[in-house]
Amino acid sequence: MTAALSGSVDAPYILWGTPHSLYTGKARSYLIKKGLPFRERCPSDPRYKPQVLPAVGLVTFPVLETPQGRFIQDSTDIVEYLEECHSGRPMLPPSPVQRVIAHMLDGFGLEGMLATAMHYRWSYRAKQEDFLRAEFGRGLYNGPNRAQRAAAGERIMAYMSGALPALGITAAAIPAIERAYEELLEALDIHFQQYPYLLGFHPSIADFGMMAPMFAHLGRDPVPANLMKQRAPNVFRWVERMNLPTMDDGEFADKSADWLHDESIFTSLEPVLSLVFQDWGAMLRADFAQYAQWLASDPARPAGQVLSADGQRRVHATLGTVQTIWRGVTMARASAVHGLWLFHKALAAAKDLQAPERERLDHLLARCGGQYLFEMRLPRSLRREGNVVVLGPMA
């Protein structure tokens with residue numbers, strides 16, 4: 001969604017968000033790596049309520065305010081908009097196969113790791129209470145009084161921590177969630193000792209999507225940040241690197257910060273992809289089934305209808321509760337509409353492949369256990385409109 005306000009074309013972008021916001025982490029890292037001038041503003045800024053909130057229509061972050069006075073909401077929409085406006089230093093790989101994988105990793109970071117990020121923030125709340133109060137208060141209170149800032153943060157913390165059941169985070173599921181995350185850290189740590197970014201020596205949308213949970217929650221909150229430092233120091237260094245404009249790492253000093261000129265997905269990345277296909281894949285299958293059931297209940301639903309069980313515009317809309325067998329645990333959670341929209345980008349990129357790229361992707365999927373995911377087809381296309389996910393036209 002866009003809206004007009006006064007602005008100079010020579011002014012920097014304004015990123016509305018907070019340091020502790022998961023999705024802001026993607027947009028911020030992209031702006032830094034893209035080399036675009038920007039200033040960050042919190043919702044405690046006096047302009048937020050009278051100008052930004054009415055333009056977006058939802059309390060959600062990040063929001064990009066352009067120099068021309070337009071507002072773009074959603075980290076993925078922001079990146080796609082800026083990629084169209086600024087062609088230099090592209091962040092989508094030129095390799096067709098790597099583009100598919102980049103979209104997959106982007107979506108996994110944004111939605112497939114949401115439960116992990118929220119678990120480590122809120123299940124360990126008692127061990128990081130003061131930090132969380134200060135961080136949430138930072139976005140709501142703009143002043144010098146520490147007690148008032150902490151009180152402002154505490155008011156929203158109860159609401160946010162209450163989201164755990166909807167994400168399937170229960171006492172029974174927590175051991176599996178932590179085991180899955182530790183396995184992912186191990187695989188990523190091995191990869192990042194060999195390469196500075198997920199797809200080699202150039203950042204991509206894969207890195208930005210993964211930065212969403214890895215920075216705001218898992219790389220800053222005290223308990224998961226210490227876990228990352230101790231168990232996966234190369235991952236922690238990648239988190240730091242993703243908020244730096246250049247690659248200032250001595251071990252990669254002789255490497256050109258450019259795309260590789262082949263179609264390969266590195267051997268060290270395949271264990272990461274296997275975990276992605278295994279863990280996010282189980283969730284996506286349940287979300288696909290719920291979406292198909294919702295559509296079948298009213299096949300004549302018009303294009304533009306909001307994907308939401310109650311028909312209301314929501315930041316994290318759902319079509320109802322799904323049950324997923326995930327790492328041997330039955331998880332009941334809210335179906336993730338936004339995750340389907342993101343995964344469809346990977347499906348669309350794969351559909352466009354021609355030989356021999358298609359064969360390369362098929363072989364990669366076979367090695368990593370992702371064939372079944374890319375055989376799925378949405379019964380109806382999805383798009384974002386008015387800052388929410390809606391139905392596309394009938395085929």
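In this text the structure is predicted, and so the values were computed from the model without any measurement.
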Looking at every heavy atom in both [X] and [Y], which two are closest together, and how far apart are they?
X	Y	value
Ser268	Gln194	CB-NE2, 3.5 Å
Thr24	Glu40	CG2-OE2, 3.9 Å
Arg383	Pro393	NH1-CD, 3.6 Å
Gln73	Asn387	CB-OD1, 3.4 Å
Ala336	Glu111	CB-OE1, 4.4 Å
Leu167	Met331	O-CE, 3.8 Å

So among Thr76, Thr318, Asp287, Asp74, which one has a side-chain hydrogen bond (donor to acceptor under 3.5 Å, both in side chains) with His338?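 Only one option passes, and that is Asp74.
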Test side chain to side chain contact (heavy atoms under 4.5 Å, CB included) on Val52 and Arg41; report intermediate values, then the result. CA-CA 11 Å; Val52 182; Arg41 294 288 184 267; over 6 Å; no
Holding to side-chain contact (heavy atoms from CB on, under 4.5 Å), I want the full list of residues that pass it with Asn234, two or more places apart in sequence or in another chain.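 For Asn234, the residues satisfying side-chain contact (heavy atoms from CB on, under 4.5 Å) (neighbours in sequence not counted) are Asp189, Phe192, Gln193.
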Any chance you could lay out the side-chain hydrogen bond (donor to acceptor under 3.5 Å, both in side chains) test for Trp16 and Asp45, step after step, and finish with the verdict? CA-CA 9 Å; Trp16 293 90; Asp45 187 286; over 6 Å; no
Would a single hydrophobic cluster contain both [Y] and [X], if residues Ile, Leu, Val, Met, Phe, Trp and Tyr are joined by side-chain heavy-atom contacts under 4.5 Å?
X	Y	answer
Ile177	Val322	no
Phe266	Val276	yes
Val223	Val239	yes
Leu227	Ile190	no
Ile205	Leu244	no

Would you list the pairs meeting ring pair (Phe, Tyr, Trp, His ring centres under 6.0 Å) in which at least one residue belongs to [range], sequence neighbours left out?
range	result
residues 211-233	none
residues 93-122	His119-Tyr124, Tyr120-Tyr124, Tyr120-Tyr181, Trp122-Phe136
residues 292-318	Tyr23-His316
residues 368-395	Phe343-Phe374

Using 0.5 Å steps for rounding, measure from the [atom1] atom of [X] to the [atom2] atom of [Y].
X	Y	atom1	atom2	answer
Leu184	Arg179	CG	CZ	14.0 Å
Leu391	Leu307	CG	CG	5.0 Å
Phe208	Leu198	CZ	CG	10.5 Å
Cys368	Ile101	SG	CD1	7.5 Å

Are [X] and [Y] close enough that some pair of their side-chain heavy atoms sits under 4.5 Å apart?
X	Y	answer
Thr66	Tyr13	yes
Tyr48	Val59	yes
Met210	Met242	no
Gln371	Phe277	no
Glu183	Arg327	yes
Leu82	Lys34	no
Ile78	Tyr30	no
Ser204	Lys33	no

What side-chain donor-acceptor pairs closer than 3.5 Å can you find for residues 142-151, not counting sequence neighbours?
{"residue": "Asn145", "atom": "OD1", "partner": "Ala147", "partner atom": "N", "Å": "3.0"}
{"residue": "Asn145", "atom": "OD1", "partner": "Gln148", "partner atom": "N", "Å": "2.9"}

Examine Tyr197 together with Phe252 and report whether their ring centres are nearer than 6.0 Å.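 That pair fails the under 6.0 Å test.
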His344/Trp341 under ring-ring contact (aromatic ring centres under 6.0 Å, His included): CA gap, chis, key distance, verdict: CA-CA 5 Å; His344 188 250; Trp341 174 70; 9.7 Å; no
Return the set of residues passing salt bridge (charged side-chain N to carboxylate O under 4.0 Å, His left out) with Glu240 (not counting sequence neighbours), or none when no residue passes.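 Scan of Glu240 (salt bridge (charged side-chain N to carboxylate O under 4.0 Å, His left out), adjacent residues dropped) gives Arg237.
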Contacts of type salt bridge (charged side-chain N to carboxylate O under 4.0 Å, His left out), residue Glu135, not counting sequence neighbours: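 Result, salt bridge (charged side-chain N to carboxylate O under 4.0 Å, His left out) vs Glu135: Arg138, Arg220.
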Would one find more than 12 heavy atoms of other residues, nucleotides or ligands at under 6.0 Å from atom CZ of Arg367?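 Count over threshold, so yes.
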Can you tell me if NE2 on His363 sees more than 12 non-hydrogen neighbours from other groups inside 6.0 Å?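 Atom NE2 in His363 is not packed in, count stays at 12 or less.
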Could you pull out all residues at least two apart from His191 that satisfy ring pair (Phe, Tyr, Trp, His ring centres under 6.0 Å)?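 With sequence neighbours excluded, His191 shows a ring pair (Phe, Tyr, Trp, His ring centres under 6.0 Å) to Tyr195, given in chain and number order.
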Decide side chain to side chain contact (heavy atoms under 4.5 Å, CB included) for Leu114 and Met283; before the verdict, give the C-alpha distance in whole Å, the side-chain angles of both, and the deciding distance to 0.1 Å. CA-CA 12 Å; Leu114 182 58; Met283 299 178 186; over 6 Å; no
Derivation and outcome, side chain to side chain contact (heavy atoms under 4.5 Å, CB included), residues Trp280 and Leu373: CA-CA 10 Å; Trp280 194 30; Leu373 275 178; over 6 Å; no
State plainly whether the residues Asp221 and Arg125 are in salt-bridge range, i.e. N to O under 4.0 Å.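 Here Asp221 does not pair with Arg125 in a salt bridge, since their nearest N and O are not under 4.0 Å apart.
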Side chain [X], main chain [Y], donor-acceptor under 3.5 Å:
X	Y	value
Glu65	Ile14	no
Arg121	Met160	no
Asp106	Ala102	no
Arg333	Thr321	no

With sequence neighbours excluded, residues passing side chain to side chain donor-acceptor pair (under 3.5 Å) with Arg241: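 Result, side chain to side chain donor-acceptor pair (under 3.5 Å) vs Arg241: Asp249.
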Taking only distance into account, with no hydrogens and no angle test, what donor-acceptor pairs under 3.5 Å do side-chain atoms of residues 345-353 form with protein atoms, sequence neighbours excluded?
{"residue": "Lys345", "atom": "NZ", "partner": "Glu80", "partner atom": "OE2", "Å": "2.9"}

Indicate every side-chain donor-acceptor pair of residues 168-175 with a distance under 3.5 Å to a residue at least two apart or in another chain.
{"residue": "Thr170", "atom": "OG1", "partner": "Ala173", "partner atom": "N", "Å": "3.3"}

CA sep, side-chain torsions, deciding dist, call: Ser29, Asn243, side chain to side chain contact (heavy atoms under 4.5 Å, CB included): CA-CA 5 Å; Ser29 180; Asn243 278 330; 4.0 Å; yes
